[in-house]
Amino acid sequence: MIDNGWGSIFSIKKSRLGQPSGLRRRARWLLDAILPPRCPACGVIVDMPAAVCGACWSAIAFIADPLCERCGRGFEFTVADRSVCGRCLADPPIFERTRAVALYDDASRGLILKFKHGDGLHLAPLFGAWLSRAGTGLLEEADILIPVPLHRVRLFSRRYNQAAILALDLGRRASLPVDVMGLIRSRRTPSQGTRTRAGRERNVRGAFEVTPECAGALGGKRVLLIDDVLTSGATANACARTLLRSGANSVDVLTIARVP
Ligand SMILES: [Zn+2]
Ligand SMILES: [Zn+2]
């Protein structure tokens, strides 16, 4: 069984609530016997809820050190701490650092699309545990978590903002405040789709605003922006620019997956 952080969630609950009662243990055993937890990727029965099976775990391309200090892309060779890649030196992002759990490929795409479009809210604890590990270093320095917002029309059709669900789960784990309403997408933007990088930047430029209440609380704060996937970084850059103009001290970005 893959240790995906569920144990740490359970230990937090135990420390708050005391040892699980015999009744609760029996209820959990009964529930598992009737509805055994399944791997959210392939559906095989697993030992614990919110866990992927060993085969699906092996297929996911988790991103590991050594990484570019700014964009979080992996280096293929050993580098000094805090090294920055050629891409970031040539064209530094607006945000300070970004980290992602895994590469956005066939293995991670299915899980993320299920979470985004398929009523896959049960995936939130799995992703929250993964994000809390990938965000080590960023979370310790963050003052507040802010999700990348959806435009209200898209929010209505999707019913929930997947980035907000991730931020709320992560906020509970990291004991950090989450502002899900402070950053808003004030202009509806067509899908980033197959646009070029410059096209993506034009598409989201000026699309975000910070509410006066949020701006009043942002002064000097280190913001950790949360999203599901980082593609070109254009959306993260546009959000970071808006947050910095509204008084944030710095903006880091944490996502489940990123395009290589
Ligand atoms: Zn599986
Ligand atoms: Zn880089």
Side-chain angles (χ1 to χ4, degrees), residues 1-6 32 35-116 118-130 134-138 141 197-198 200-201 224-225 227 229-241 244 250-260:
M1 172 48 50
I2 302 304
D3 171 20
N4 60 11
W6 184 260
D32 285 353
L35 288 171
R38 290 181 180 274
C39 170
C42 71
V44 304
I45 292 173
V46 291
D47 293 345
M48 285 188 287
V52 291
C53 72
C56 292
W57 174 272
S58 310
I60 293 172
F62 290 101
I63 297 172
D65 288 337
L67 306 175
C68 166
E69 173 69 4
R70 298 295 304 276
C71 70
R73 286 189 181 90
F75 284 114
E76 288 176 358
F77 43 86
T78 308
V79 292
D81 269 0
R82 298 181 179 271
S83 291
V84 175
C85 75
R87 257 198 259 201
C88 291
L89 286 171
D91 185 15
I94 308 286
F95 51 78
E96 195 166 313
R97 298 170 293 182
T98 182
R99 296 291 180 270
V101 173
L103 294 181
Y104 192 54
D105 57 12
D106 289 345
S108 61
R109 188 179 299 113
L111 271 177
I112 290 170
L113 292 180
K114 211 176 274 187
F115 179 56
K116 203 164 171 170
D119 283 335
L121 288 175
H122 59 287
L123 288 162
L126 172 71
F127 287 149
W130 286 359
T136 303
L138 276 60
E141 294 176 16
R197 187 167 167 210
R200 285 169 177 259
E201 280 173 9
L224 183 54
L225 188 69
D227 206 358
V229 181
L230 187 87
T231 47
S232 67
T235 299
N237 263 335
C239 290
R241 186 180 287 114
L244 291 168
S250 67
V251 179
D252 291 324
V253 184
L254 181 61
T255 63
I256 303 168
R258 66 163 306 139
V259 170

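These figures come from a predicted structure and were not determined experimentally. Counting starts at 1 for both ligands and their atoms, following the listed order.
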Practice problem: Could you give me a count of protein N/O/S atoms that are under 2.8 Å from the Zn ion (ligand 2)? | Solution: 4

Quiz prompt | Flag if over 12 foreign heavy atoms under 6.0 Å of CG, D81 | solution = no

Self-check item: For the Zn ion (ligand 1), every protein N/O/S atom that sits closer than 2.8 Å, waters excluded
Solution: C39 SG, C42 SG, C53 SG, C56 SG

Quiz item: Hey, what do you get for OG1 (T235) to CG (D227), rounding to the nearest 0.5 Å?
Solution: 7.5 Å

Quiz item: Considering only heavy atoms from C-beta outward, does the side chain of D105 approach that of S108 to under 4.5 Å?
Solution: yes

Exercise. Kindly check if the number of other-residue, nucleotide or ligand heavy atoms within 6.0 Å of CZ (R87) is above 12?
Key: no

Quiz item: Would you find a donor on one side and an acceptor on the other, under 3.5 Å apart, between the side chain of R258 and the backbone of C71?
Solution: yes

Quiz item: Parallel, tilted or perpendicular: which describes the rings of W130 and F62, with under 30° parallel and over 60° perpendicular?
Solution: perpendicular

Quiz item: Do any N or O atoms from the side chain of D252 and from the backbone of R97 form a donor-acceptor pair under 3.5 angstrom?
Solution: yes

Quiz item: Taking T98 for the side chain and V253 for the main chain, is one N or O donor matched with an acceptor at less than 3.5 Å?
Solution: yes

Quiz prompt | Pairwise distance CD(E69) to CZ(R99) - rounded to 0.5 angstrom | solution = 5.5 Å

